[in-house]
Amino acid sequence: MLVNLHTKPIIDKYKAEQLQLSVYEVLPDVERYDTFYLVNDELSLTLPDGAKETDYKRVYVGRDSNGETKGVAISRGESGFQDVIMVIFGYDPAAGTLSGMKILDSKETPGLGDKIFKDMDFVDQFFAGPTTPLLGVKSGAGKGQANEIDMITGATISSKAVIDIINHALEEWKPILDKGIPEEPAVAASGEVSQ
């Protein structure tokens with residue numbers, strides 16, 4: 001119990017740092033990002049009074065140096081072959097394309113399922129701007145469609161799970177994002193964000 005009290009803040013800080021790095025990795029053309037929470041089916045920079053941050057789903061809206069929206073990073077976890085696979089991916093709502101994908105957490109089988117983050121041919125496909133929804137195809141069996149992702153031979157279940165996680169996340173978030181992403185918040189003279 002005492003060990004947990006000491007290590008939990010350290011672990012939480014590390015996870016937050018890794019998440020921040022991952023957002024910039026899957027949204028390669030952004031200068032900064034804003035965290036928006038899903039509150040009553042709307043995107044909000046703030047939570048209701050007394051609300052716990054962990055109770056709310058969120059997206060990370062990437063912005064360029066002019067404050068223009070360049071994409072959204074979304075994270076989601078679902079079951080893979082062994083355990084839950086946690087994925088974060090970059091998405092351009094205007095174009096309906098991906099800008100990247102990273103596995104945040106996975107306990108998939110070493111040498112097989114772990115190829116979802118070790119096989120760079122697989123990973124690089126998500127950075128090549130595929131259209132959505134994604135379509136998993138057997139390696140080399142695609143028809144050249146812009147939404148095809150070659151799955152990994154020997155790790156089909158795990159690679160299909162990554163594709164499904166992204167598609168399921170977009171099914172949930174696309175209607176919300178289609179309503180429009182709030183503009184960059186105004187910054188007061190003091191440098192503080194005004195609401």
Side-chain angles (χ1 to χ4, degrees), residues 14-35 57-65 68-174 177 181:
Y14 174 77
K15 283 183 177 179
E17 289 168 352
Q18 291 306 304
L19 177 66
Q20 182 179 30
L21 291 172
S22 297
V23 169
Y24 287 116
E25 190 173 330
V26 301
L27 294 173
D29 297 327
V30 304
E31 292 280 322
R32 62 177 192 77
Y33 68 86
D34 297 312
T35 302
K57 295 178 180 178
R58 68 202 75 163
V59 294
Y60 310 94
V61 177
R63 310 223 190 241
D64 66 13
S65 58
E68 298 286 322
T69 299
K70 291 311 221 180
V72 178
I74 302 170
S75 65
R76 184 180 178 105
E78 290 182 16
S79 294
F81 182 70
Q82 291 284 101
D83 199 354
V84 172
I85 299 171
M86 183 63 73
V87 175
I88 189 167
F89 62 95
Y91 174 67
D92 179 345
T97 58
L98 296 189
S99 59
M101 179 280 300
K102 181 173 180 157
I103 305 298
L104 293 175
D105 191 30
S106 170
K107 294 175 181 64
E108 296 299 276
T109 309
L112 292 172
D114 67 356
K115 290 180 181 179
I116 59 175
F117 57 89
K118 289 184 175 178
D119 181 333
M120 293 317 292
D121 289 337
F122 177 70
V123 173
D124 287 347
Q125 295 177 90
F126 297 91
F127 286 86
T131 59
T132 58
L134 301 175
L135 176 65
V137 296
K138 286 186 178 182
S139 185
K143 295 179 172 70
Q145 296 177 16
N147 67 333
E148 292 177 345
I149 299 290
D150 284 344
M151 294 185 292
I152 304 167
T153 304
T156 308
I157 294 171
S158 299
S159 51
K160 174 100 171 73
V162 171
I163 293 165
D164 288 346
I165 290 167
I166 292 170
N167 285 339
H168 294 158
L170 289 175
E171 285 171 13
E172 177 182 6
W173 281 101
K174 192 171 178 328
L177 297 173
I181 296 170

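At a threshold of 4.5 Å between non-hydrogen side-chain atoms, the residues L21 and E17 do not count as touching. For the pair T132 and T97, the minimum side-chain heavy-atom distance is 4.5 Å or more. When side chains are defined from C-beta on, W173 does not count as touching Y91, because their heavy atoms never get closer than 4.5 Å. Side-chain contact between L135 and I149 is absent, with no heavy-atom pair separated by less than 4.5 Å. Considering only heavy atoms from C-beta on, L104 stays 4.5 Å or farther from V87 through its side chain. Side-chain contact between I166 and F126 is present, with heavy atoms from C-beta onward closer than 4.5 Å. You'll find the side chain of I116 reaches within 4.5 Å of the side chain of I152, heavy atoms only.
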Steps toward side-chain contact (heavy atoms from CB on, under 4.5 Å) verdict (V123, D119): CA-CA 6 Å; V123 173; D119 181 333; 5.9 Å; no
Criterion side-chain contact (heavy atoms from CB on, under 4.5 Å) on V162 and M101, from CA distance to verdict: CA-CA 9 Å; V162 171; M101 179 280 300; 4.1 Å; yes
Derivation of the side-chain hydrogen bond (donor to acceptor under 3.5 Å, both in side chains) call for T35 and R58: CA-CA 7 Å; T35 302; R58 68 202 75 163; over 6 Å; no
Stepwise side-chain contact (heavy atoms from CB on, under 4.5 Å) test for V72 and Y60: CA-CA 5 Å; V72 178; Y60 310 94; over 6 Å; no
Criterion side-chain contact (heavy atoms from CB on, under 4.5 Å) on L134 and L98, from CA distance to verdict: CA-CA 9 Å; L134 301 175; L98 296 189; 3.8 Å; yes
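Although no hydrogens or angles enter the test, the distance criterion places a donor-acceptor pair under 3.5 Å between the side chain of E148 and the main chain of K143. Between the side chain of D64 and the main chain of E68, a donor-acceptor pair closer than 3.5 Å is present. With hydrogens and angles ignored, the 3.5 Å screen pairs no side-chain donor or acceptor of D105 with any backbone N or O of M86. S99 contributes a side-chain N or O that, together with a main-chain N or O of V26, makes up a donor-acceptor pair within less than 3.5 Å.
The side chain to side chain contact (heavy atoms under 4.5 Å, CB included) search around T156 returns M151, not counting sequence neighbours.
The NZ atom of K174 sits 12.5 Å away from atom CG of N167, with the distance rounded to the nearest 0.5 Å. The CD atom of E31 lies 8.5 Å from the OH atom of Y24; values are rounded to the nearest 0.5 Å. Within the model, atoms OG of S159 and NZ of K138 stand 11.5 Å from one another, a figure rounded to the nearest 0.5 Å. For the atom pair OG of S75 and CG of L19, the computed distance is 6.5 Å after rounding to the nearest 0.5 Å. Taken from CG in D150 to CG in D124, the straight-line distance is 12.5 Å, to the nearest 0.5 Å. Note that the NZ atom of K102 and the CZ atom of F127 stand 8.5 Å from one another [nearest 0.5 Å].
Nearest heavy atoms, I163 versus G136: CD1-CA, 3.5 Å. Here the shortest heavy-atom pairing between I74 and A169 reads CG2-CB, 4.1 Å. When all heavy atoms of I88 and S22 are compared, the closest pair comes out as CG2-CB, 3.9 Å. Of all heavy-atom pairs between L27 and V30, the closest is O-CG2, 3.2 Å.
For R76 and E172, the salt-bridge test passes: some basic side-chain N is under 4.0 Å from an acidic carboxylate O.
Ring centroids of F122 and F117 are separated by 6.0 Å or more, keeping the two rings apart.
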